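These figures come from a predicted structure and were not determined experimentally.
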Amino acid sequence: MPPAIPRATYRLQLNENFTFDDATAVAPYLKALGISHVYASPFLKARAHSQHGYDIVDHNVLNPELGGEAAFERFSAALKLNGLGLILDFVPNHMGVHFADNPWWLDVLEWGEVSPYADFFDIDWDLLPYRTKGGVLLPILGTSYGQALNNGEIELRYDPQEGSFSAWYYEHRLPIAPERYSEILRAVVGEAGAGNDAAGRAILDLASRYTDLRHPNRMEAPAFKVALRDIDGADTVITRGLAAYRAGAGREAQTKALHYLLERQHYRLGHWRLASSEINYRRFFDVNTLAGLRVENMPTFKASHALVRRLITEGKLQGIRLDHIDGLRDPAQYCQRLLRLIREAQGERRKPFYLVMEKILGEGESLPKFAGMQGTTGYEWLNLISRALLDGKGLETLDETWRQASNIAPDFAPVLRAAKQRVMETLLASEFTVLARLLARIAGGHYATRDFSADSLRQALELYVLHFPVYRTYITAGGPSPDDRALIADTIDKARHDWFGADEGIFNFLQDALTLDLAGPDRAAHGRQRVRRFALKVQQFTGPMMAKSLEDTAFYRYHRLLALNEVGGDAAAASLPVQAFHDAMQARAKDFPHGMTATSTHDTKRGEDARARLLVLSELAGEWASLVGRWKSLNARHIVTEGSIRAPSPAFEYMLYQALIGTWPQTMDADFLARMKAYAIKAAREGKVETGWLNPNTAYEKGLEIFLERILDIGQSSEFLSSIDAFARRVSLIGVLNSLSQLTLKAMMPGVPDFYQGTEFWDTSLVDPDNRRPVDFRAREMALAEVSKEPRWADLIAHVTDGRIKLAWTHHLLALRNRHSGVFDNGSYLPLDVTGPHRDHVIAFARIHRKTAVIIATMRWFAPFTDDGRSWLNGTIEGAITIDGLHIDGVSRTELPLSELFAELPVVTRAATVKRAYKKAARDHGRAA
């Protein structure tokens with residue numbers, strides 16, 4: 001049986017190319033590696049050919065592309081046989097929509113607000129522009145609506161198996177409201193000239209029974225469709241008669257007929273660009289094909305969790321990772337409901353169930369205590385580890401190098417502010433407009449505030465969002481917490497400081513709306529329901545707003561050091577002192593000791609070992625600055641200029657050099673060039689400066705590809721390639737040492753270490769989809785069989801580039817976690833003092849539980865001990881770790897010399913026992929040893 005709390009998790013990316021059966025095959029390997037739980041990407045039914053599984057179209061069906069129920073049973077049996085648990089990456093916030101594969105969404109399109117699924121989706125039915133009838137905007141067209149009609153791209157079809165009508169736009173199915181079937185049938189029979197045929201008469205007879213505009217209604221429609229389907233010869237007549245609606249050039253009457261029919265549906269078709277300004281359903285970020293679910297509604301919750309509940313009841317699911325918790329209206333309520341569901345599903349066999357959430361915490365932000373949650377998926381710890389390995393002495397030089405290379409100041413705040421402005425005006429303009437209109441309605445509903453103009457309210461709300469510093473607040477229907485109230489007040493003050501219009505109470509009004517004070521019992525005239533809806537929807541907006549602005553825009557504009565441009569990170573962060581690291585670990589051991597610790601995920605901007613390499617630039621900052629200047633001079637002739645275009649821009653060129661260093665291969669091949677081209681295009685579009693997703697600048701993007709082709713061609717750039725190769729190899733060697741330290745901290749600090757698929761070898765991948773490339777598990781199995789017996793570290797060091805040293809150390813650390821499970825499941829965290837001239841180069845601590853301790857020490861800032869990356873550890877590190885009170889191998893020692901510990905590797909672990917007198921010292925640190 002797997003432990004209740006995972007010892008270590010391993011993320012598998014399931015898709016049509018890596019199915020349940022493929023996962024079944026690697027279960028023994030994961031067990032041998034030391035993993036306790038498989039952490040699977042979403043495996044409920046997703047859109048066909050989905051490579052990630054987040055575009056779920058049916059929450060209650062196992063994905064058939066993964067093998068369906070039968071393959072899942074084999075997978076589940078293999079996990080049980082190997083004592084592995086299963087954690088599901090579950091998506092409660094959104095579903096995949098459009099196309100023809102989501103039955104809930106199709107029902108909503110067919111029946112509008114009377115559909116039982118209408119409340120499942122977060123749709124503002126009364127906000128469809130230029131239309132009196134409610135509906136949902138479908139931004140699916142590749143051209144304007146008129147052009148799509150005139151081109152004959154929208155086609156009315158009949159399904160003889162269902163007896164139903166749908167309009168189709170390529171692969172998108174658009175069900176026709178049954179109340180319009182009678183008029184269609186009369187038109188098609190007339191067009192087919194079949195009024196006197198038996199089939200035609202039967203069709204007209206059926207249509208004549210439903211002449212009212214509200215019929216057939218939902219109760220009548222199934223019988224109507226069956227009756228139509230069963231008319232002998234109806235298919236032939238209808239197919240021939242649909243020419244009455246065959247739009248296209250030169251067919252004005254038919255085009256108008258189809259247009260009028262479409263205008264009377266519960267949706268309005270539009271160009272995909274309309275999504276940025278007029279969309280009226282909540283999306284996942286700015287993805288039109290992912291519609292937000294109203295999981296706060298109990299029917300939605302029950303319907304979307306039925307399969308999960310069954311898997312828990314059957315004992316096939318031991319944990320859940322909640323995707324995008326910040327997208328939910330009320331995460332606290334959701335967590336309470338989920339915990340109740342889990343307990344009910346388990347029944348009398350109740351046991352601990354592992355729950356973590358994907359939550360991005362801002363600088364200094366604490367995770368709220370949600371029911372049942374063990375913590376986050378670990379982005380905050382990823383960034384903490386990076387900052388602990390960052391050499392602060394090189395940051396000033398890196399600041400100046402960035403300034404010189406890009407002509408952009410090292411101050412990150414203006415970059416983020418500009419990114420927010422761009423995102424609000426483009427990608428999320430629709431969502432912001434919904435909020436601004438709702439705020440204006442609230443103000444207009446009371447005589448005391450109706451003079452606040454809609455434009456002024458929009459500007460005030462915009463300033464609030466621009467200054468909002470984290471992803472969201474967590475206000476419930478009961479009101480804000482003291483922390484949330486203080487955060488709102490501080491943001492309002494900053495927004496008011498930027499306001500140049502007449503205030504006259506507009507910010508007080510906004511603050512009262514955001515805190516729900518406006519919905520208080522003495523202020524009911526403003527409309528409690530609207531105020532509550534506004535305040536809670538703002539929270540659902542600020543999360544995507546920050547994510548798109550920070551992670552997907554600012555991080556692609558600001559390149560002072562790419563290692564810090566990571567999800568949940570601060571691109572302008574400083575190095576973390578060792579004592580600050582210890583303080584954070586002790587707080588974590590107390591508050592969330594079992595949350596995940598990640599160093600690579602499917603969402604990270606680059607692989608963990610690429611990031612470890614880039615951190616080395618802080619140690620070699622002076623040399624890096626000189627090299628960048630030289631490379632820019634060498635490659636100036638390869639810059640592509642066309643009119644006003646310079647590809648790449650100076651800032652982007654600097655970014656590319658870092659990206660190359662982070663992922664530089666042992667041998668150059670065409671695959672590396674293709675990967676870099678794909679990354680460059682994605683990074684440029686995310687930055688939204690010279691090009692973007694909404695309006696790609698093909699000339700600039702082509703220029704980026706040409707530039708990369710030229711600088712990576714030995715025939716054109718031999719001097720540059722020789723220079724960057726020599727430097728990259730030195731950085732890579734120090735990066736290896738950094739990676740081993742990073743791995744050790746992840747596995748030994750409080751928390752559950754999570755391993756992204758394949759990262760037990762070196763991982764220098766780029767952002768997705770590059771990090772979703774297939775993993776060679778057979779090579780890893782063979783290597784593990786070799787190194788797990790008794791690793792010969794000298795041999796592994798001699799062949800360090802093959803990754804076996806990382807695999808061997810991973811196995812060692814996980815074996816230690818399993819051997820001393822009490823220490824890592826429930827143990828305290830105790831900092832260990834380091835003395836001597838090199839004490840700042842070492843992070844040392846002990847994990848202690850009862851009489852057992854494990855001592856952990858890692859090095860950092862390796863340049864002085866490697867001749868700036870020219871050789872493995874060859875300099876003597878001076879100093880010692882104080883361990884008074886701990887027995888090692890039955891011997892009491894007061895200190896461990898650093899030169900002894902780090903003679904071979906930059907990381908070390910030692911099992912120890914605890915002296916009786918030492919327990920009090922441990923307790924004084926706030927932990928029971």
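Aromatic ring pairs are classed by plane angle as parallel below 30°, tilted from 30° to 60° and perpendicular above 60°; the pair Phe845 and Phe581 is tilted.
Using a 4.0 Å cut-off between charged side-chain N and carboxylate O, Glu653 and Lys632 make a salt bridge. By the 4.0 Å N-to-carboxylate-O rule, Arg387 lies too far from Asp570 to be salt-bridged with it. The pair Glu619-Arg860 does not meet the salt-bridge criterion, since no charged nitrogen lies less than 4.0 angstrom from a carboxylate oxygen.
Under the 3.5 Å distance criterion, the side-chain polar atoms of Thr663 are left unmatched by any main-chain donor or acceptor of Ala659. Judged by distance alone, the side chain of Tyr556 and the main-chain N or O of Lys682 form no donor-acceptor pair under 3.5 Å. Arg729 places no side-chain N or O within 3.5 Å of a backbone atom of Ala726 that could act as its donor or acceptor partner.
Under 3.5 Å, the side chains of Glu358 and Thr377 contain no donor-acceptor pair of N or O atoms. With no hydrogens or angles considered, a side-chain donor-acceptor pair links Ser739 and Asp609 at under 3.5 Å.
Lys393 has its side chain within reach of Trp861: a pair of non-hydrogen atoms, C-beta onward, lies under 4.5 Å apart.
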Problem set entry | Pair Glu690-Arg646, salt bridge (charged side-chain N to carboxylate O under 4.0 Å, His left out): steps then yes or no | CA-CA 9 Å; Glu690 293 84 12; Arg646 181 198 194 274; over 6 Å; no

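Between Phe865 and His838, the distance from one ring center to the other falls under 6.0 angstrom. Separation of the Phe412 and Tyr558 ring centroids falls under the 6.0 Å cut-off.
With Phe707 as the aromatic partner, Lys702 does not meet the cation-pi criteria of under 6.0 angstrom to the ring centre and within 45 degrees of the ring axis.
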